[in-house]
Amino acid sequence: MNVRSVVAVLASVILGTTAGAQAVQFQNGSTFTTSGIAGFATTGSMMTGLRITANFSGGSVFSGTWGDIGSSSPGNFGLIDSNWGQLTLGAAQNTNNFFWQLQVTNPLAGTLTSLTFNGGPAGVVFDCRYTVSGCDNVAGSGTAIDGTPGSSGAISFQLSPTNTFPAVGVTAIYSNLVGLTGQPPVGDLFEQFTLQFGNGNGAGLSTESGAFLFGVDTDNVLTGSVLVPGGPPPSTTVPEPSTYVLMAAGLAGTLLMARRRRTEA
């Protein structure tokens, strides 16, 4: 078993049993809709097309797309960018049970101040731990319940205790609510997820920080469906013939009452 496999096994054991992140925020943001959720067992190989944007101290911004990283890391999916670093997850590893692995590998890039994931292009949504009072972090109280149909009780953002970067310097932000077509969002699914490092003071993740392990759960939309910006569309239901009859009868009644009033006047 190689070092990466050992890390993955340890991560699967630790994830779900450790305390949650120091700071987790849930923001409505924009609204996205989809026809349905395919299920809650999403793996590294099921997020192809996920858009990732890395922001560095000094203003450098790098964008890339999640996919099969091939021979450079067999059995793993993710993003490897020689300009700054890499982000990986095993092809068969469920995001609800395994840590994602993030690392800055190019010291010339500076320090990573934020990393943003957009699931829209890939039909991927970020699922939080949902309770009767809304999204909750791992340390919160309350029983997790199902939210949007097709989704299920998930983890909210978690950190590995093996990270050398201080937990107090990390903020996780869920934003852009996702709902099913024609229905308002429940509040458990989001199109965007952002990690902020250094509390905005520039002291972000660097090459010296080592591998940074974190947990965030994802779901996929139904096959053939997409994430569409905007709220529930207006109703396009065509009235039944009987409905037209009732409308005509109502209009006739209204006209008759108006005529009587004019006659009595």
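Just so we're clear, the structure is a prediction, and the values are computed from it rather than from any experiment.
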N220 side chain vs M46 backbone, donor-acceptor pair below 3.5 Å | yes
Should F26 and L177 be counted in the same cluster of Ile, Leu, Val, Met, Phe, Trp and Tyr side chains packed under 4.5 Å apart?
-> yes
Kindly compute the distance separating CD (Q196) from OG1 (T113), expressed to the nearest 0.5 Å.
-> 8.5 Å
Let me see the working for T131 and D136 under side-chain hydrogen bond (donor to acceptor under 3.5 Å, both in side chains), right down to the final yes or no.
-> CA-CA 7 Å; T131 70; D136 197 359; 4.8 Å; no
Check whether the ring centres of F117 and W100 lie less than 6.0 Å apart, and answer yes or no.
-> yes
Worked verdict on S151 versus D146 for side chain to side chain contact (heavy atoms under 4.5 Å, CB included) = CA-CA 7 Å; S151 178; D146 291 347; over 6 Å; no
Give the minimum heavy-atom separation between F99 and Q158, together with the two atoms involved.
-> CE2-O, 4.2 Å
For S30, what residues pass the side-chain contact (heavy atoms from CB on, under 4.5 Å) criterion, not counting sequence neighbours?
-> F32, N176
When rounded to the nearest 0.5 angstrom, what is the spacing between CZ in R129 and SG in C135?
-> 10.5 Å
dist L205:CG -> S114:OG (nearest 0.5 Å) comes out at 11.5 Å
Rounded to the nearest 0.5 Å, how far apart are OG1 of T65 and CG of L50?
-> 8.5 Å
T48 and S45: which non-hydrogen atoms are nearest, and at how many Å?
-> OG1-O, 3.9 Å
Ring center gap for F126 and F190 short of 6.0 angstrom | no
Kindly indicate whether the side chain of I37, heavy atoms from C-beta on, has any atom under 4.5 Å from the side chain of L189.
-> yes
Have a look at S175 and tell me which of E191, Q25, Q192, Q27 forms a side-chain hydrogen bond (donor to acceptor under 3.5 Å, both in side chains) with it.
-> Q192
Which pair of non-hydrogen atoms, one from P121 and one from G49, has the smallest distance, and what is that distance?
-> CB-O, 3.6 Å
Determine, using the 4.5 Å side-chain heavy-atom cutoff (strictly less than), whether V186 and I145 are members of one ILVMFWY cluster.
-> yes
Are the side chains of L227 and V125 in touch, meaning some heavy atoms are under 4.5 Å apart?
-> yes
Does any N or O in the side chain of T95 come within less than 3.5 Å of the main-chain N or O of D217, such that one atom is a donor and the other an acceptor?
-> no
Among all residues two or more places apart in sequence or in another chain, which pass the side-chain contact (heavy atoms from CB on, under 4.5 Å) test with D81?
-> F62, N83, W84
Not counting sequence neighbours, which residues clear side-chain contact (heavy atoms from CB on, under 4.5 Å) with V226? List them please.
-> V228
Verdict with reasoning, L102 to L115, per side chain to side chain contact (heavy atoms under 4.5 Å, CB included) | CA-CA 10 Å; L102 169 65; L115 193 69; 3.9 Å; yes
Between the side chains of D188 and T148, does any donor sit under 3.5 Å from an acceptor?
-> yes
What pair of heavy atoms forms the shortest contact from N76 to I69, and how long is it?
-> O-CG1, 3.2 Å
Sub-3.5 Å donor-acceptor pair from the side chain of N94 to the main-chain atoms of T43, do we have one?
-> no
Could you list the residues that satisfy ring pair (Phe, Tyr, Trp, His ring centres under 6.0 Å) with F212, not counting sequence neighbours?
-> F197
So, Y174 side chain and F157 main chain: donor-acceptor pair closer than 3.5 Å or not?
-> yes
Please report the C-alpha distance between S206 and E208 in whole Å, then the side-chain angles of each, then the deciding distance to 0.1 Å, and finally whether the side-chain hydrogen bond (donor to acceptor under 3.5 Å, both in side chains) criterion is met.
-> CA-CA 5 Å; S206 67; E208 289 75 24; 3.0 Å; yes
Audit row: T42, D219, side-chain hydrogen bond (donor to acceptor under 3.5 Å, both in side chains) steps and yes/no = CA-CA 6 Å; T42 299; D219 297 336; 4.5 Å; no
Any side-chain heavy atom of V61 within less than 4.5 Å of one from F56?
-> no
dist F77:CZ -> M47:CE (nearest 0.5 Å) comes out at 9.5 Å
When rounded to the nearest 0.5 angstrom, what is the spacing between OG1 in T218 and CH2 in W66?
-> 9.0 Å
Test side-chain contact (heavy atoms from CB on, under 4.5 Å) applied to A92 - qualifying residues, sequence neighbours left out = none
Check the hydrophobic clustering (I, L, V, M, F, W, Y; side-chain heavy atoms under 4.5 Å; chains of links allowed) and say if V24 and F165 are grouped together.
-> yes
Applying side-chain hydrogen bond (donor to acceptor under 3.5 Å, both in side chains) to S225 and not counting sequence neighbours gives T34, S35
side-chain hydrogen bond (donor to acceptor under 3.5 Å, both in side chains) between T164 and S209, intermediate numbers included | CA-CA 6 Å; T164 57; S209 302; 5.3 Å; no
What about F214 and L79, same hydrophobic cluster or not, with Ile/Leu/Val/Met/Phe/Trp/Tyr joined at side-chain heavy-atom distances under 4.5 Å?
-> yes
Flag for T53-T116: side-chain donor and acceptor within less than 3.5 Å | no
